[in-house]
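Structure first, commentary second.
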Amino acid sequence: MTDTSSRPDLDELLDAMGAAGARISEIDASEAGAGNISVLVGWDVDLSEHFPGEVALELPVPAPALAGHTLLVTGSGRRLRQIAADPLANVGAVRVGPDGASATLHHHPRRLFERLTSEFNSHLGVHQDHVARRGVDFQAVVHAQPPHLTYLSHLAGYRDTRTFNRRVLRWEPETVVSLAAGIGVLPFLVPGSAEMMAANVAGLRDHEIVLWSKHGVMSRSDVSVTRAVDRVEYAETGARYEYMDLVAGGRGEGLSEGELRRVAEEFGVETSWI
């Protein structure tokens, strides 16, 4: 475990999850109970005061690299917009056991969910992958359902990663810098399935945000929960511009390939989609 002196405490992490949930709701990317958030905490954190209840939990997939780690995870059916008002009722803390297969769900008596999010396996898979490969001790993962991104994924011509990025990320110079690795586009897969989890884990190795065709997006960040939400917001803004252009008859120019390359060179970012 790492030195905790510069690390956020549990209250700060829960506050960040609340702010992230509120912003996702503000951009209409989490209708009702849609969307979910998880935060990997790779240092010692005392759960006893915030989450005094304990329930044995079998992990949906083995996660040996996460042994001893804690995951803060939203509950199934909970509204992201309500996390800020009462995080202890909407979030559970999963402490992974030494075997990486079992865990303990720590919860508050006010909890309003029976189970963790139905897409916990996708969250868990991403955390396991990045800890095992890169040794991160913090990671935030956010799943949301932004309407313009999701709509475009219903158009067959947009379900190719390079085509999607070239169309959606051409509207603002900021997206070249903020989404330098682009958006990985996954085919439609049943939510919560093993196939969805495997494709999502693979996609988030090369990208920091992936589009689940006909469903939504998942983004990750080693920096903060709000940084993961920023990626969703940048991508959704580009998709909104693209949708507006489709409605207008495709008359917008967008940034040319040369202009996109000039922005990338000026800010020193490497891209694979230009």
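All values below were derived from every heavy atom in this structure, side-chain atoms included, with hydrogens, water molecules and symmetry-related copies excluded.
Using cut-offs of 30° and 60° on the angle between ring planes, the pair W212 and H143 is parallel.
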Side-chain atoms of residues 48-59: list all donor-acceptor pairs with protein atoms under 3.5 Å, sequence neighbours left out, distances to 0.1 Å.
from, atom 1, to, atom 2, distance (Å)
S48, OG, D46, OD1, 2.8
S48, OG, D46, OD2, 3.4
H50, NE2, D11, OD1, 2.8

N/O donor-acceptor pairs under 3.5 Å from side chains in residues 34-41, not counting sequence neighbours:
from, atom 1, to, atom 2, distance (Å)
N36, OD1, H123, NE2, 2.7
N36, ND2, T117, OG1, 3.0
N36, ND2, E119, OE1, 3.0
S38, OG, H123, ND1, 2.7
S38, OG, H127, NE2, 2.8

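With sequence neighbours left out, the salt bridge (Lys or Arg N to Asp or Glu O under 4.0 Å) criterion links R78 to no other residue. Annotation: salt bridge (Lys or Arg N to Asp or Glu O under 4.0 Å) contacts of R251 (sequence neighbours excluded): none. A search for side-chain hydrogen bond (donor to acceptor under 3.5 Å, both in side chains) contacts involving D129 returns R133, R205, not counting sequence neighbours. Applying the salt bridge (Lys or Arg N to Asp or Glu O under 4.0 Å) rule to D230 yields no partners; only residues at least two apart in sequence or on another chain are considered. A search for side chain to side chain contact (heavy atoms under 4.5 Å, CB included) contacts involving D222 returns R134, V136, Q139, R220, not counting sequence neighbours. Residues satisfying the salt bridge (Lys or Arg N to Asp or Glu O under 4.0 Å) test with D86, not counting sequence neighbours, are R110. S193 pairs by the side chain to side chain contact (heavy atoms under 4.5 Å, CB included) definition with V190, E195, M196, not counting sequence neighbours. With sequence neighbours excluded, the residues that form a side chain to side chain contact (heavy atoms under 4.5 Å, CB included) with Q128 are A63, P64, A65, L66, A132. W273 is linked by a side chain to side chain contact (heavy atoms under 4.5 Å, CB included) to N165, L169, V176, L260, T271, counting only residues two or more places apart in sequence or in another chain.
The aromatic ring centres of W43 and H69 sit 6.0 Å or more apart.
Rounded to the nearest 0.5 Å, atoms CZ (F164) and CG (L155) are 9.5 Å apart. Rounded to the nearest 0.5 Å, atoms CZ (R7) and CD (E12) are 12.5 Å apart. The structure places CG of D245 at 5.5 Å from CZ of R170, a figure rounded to the nearest 0.5 Å. The line from CD1 of I209 to OG of S221 is 11.5 Å long, rounded to the nearest 0.5 Å. The structure places CG of L80 at 9.0 Å from CE of M17, a figure rounded to the nearest 0.5 Å.
A donor-acceptor contact under 3.5 angstrom links the side chains of T70 and R95, judged on distance only. No side-chain N or O of Y234 forms a donor-acceptor pair with one of E172 less than 3.5 Å apart.
In this structure, R111 forms a cation-pi arrangement with F113, its terminal cationic atom sitting closer than 6.0 Å to the ring centre and no more than 45° off the ring axis.
Using a 4.5 Å cut-off on side-chain heavy atoms (C-beta onward), E233 and E236 make no contact.
With hydrogens and angles disregarded, no donor-acceptor distance shorter than 3.5 Å links the side chain of S25 to the backbone of G21. Counting only distance, with no hydrogens or angles, the side chain of S178 and the backbone of T175 share no donor-acceptor pair below 3.5 Å.
Between R262 and E265 there is no salt bridge, since none of the side-chain N atoms of the basic residue sits less than 4.0 Å from a carboxylate O of the acidic one. Using a cutoff of 4.0 Å between basic side-chain nitrogens and carboxylate oxygens, E257 and R261 are scored as salt-bridged.
Listed by first and then second residue, the ring-ring contact (aromatic ring centres under 6.0 Å, His included) pairs involving residues 176-198 amount to none (not counting sequence neighbours).
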Check against side-chain contact (heavy atoms from CB on, under 4.5 Å), T104 and H106: CA-CA 6 Å; T104 301; H106 297 256; 3.6 Å; yes
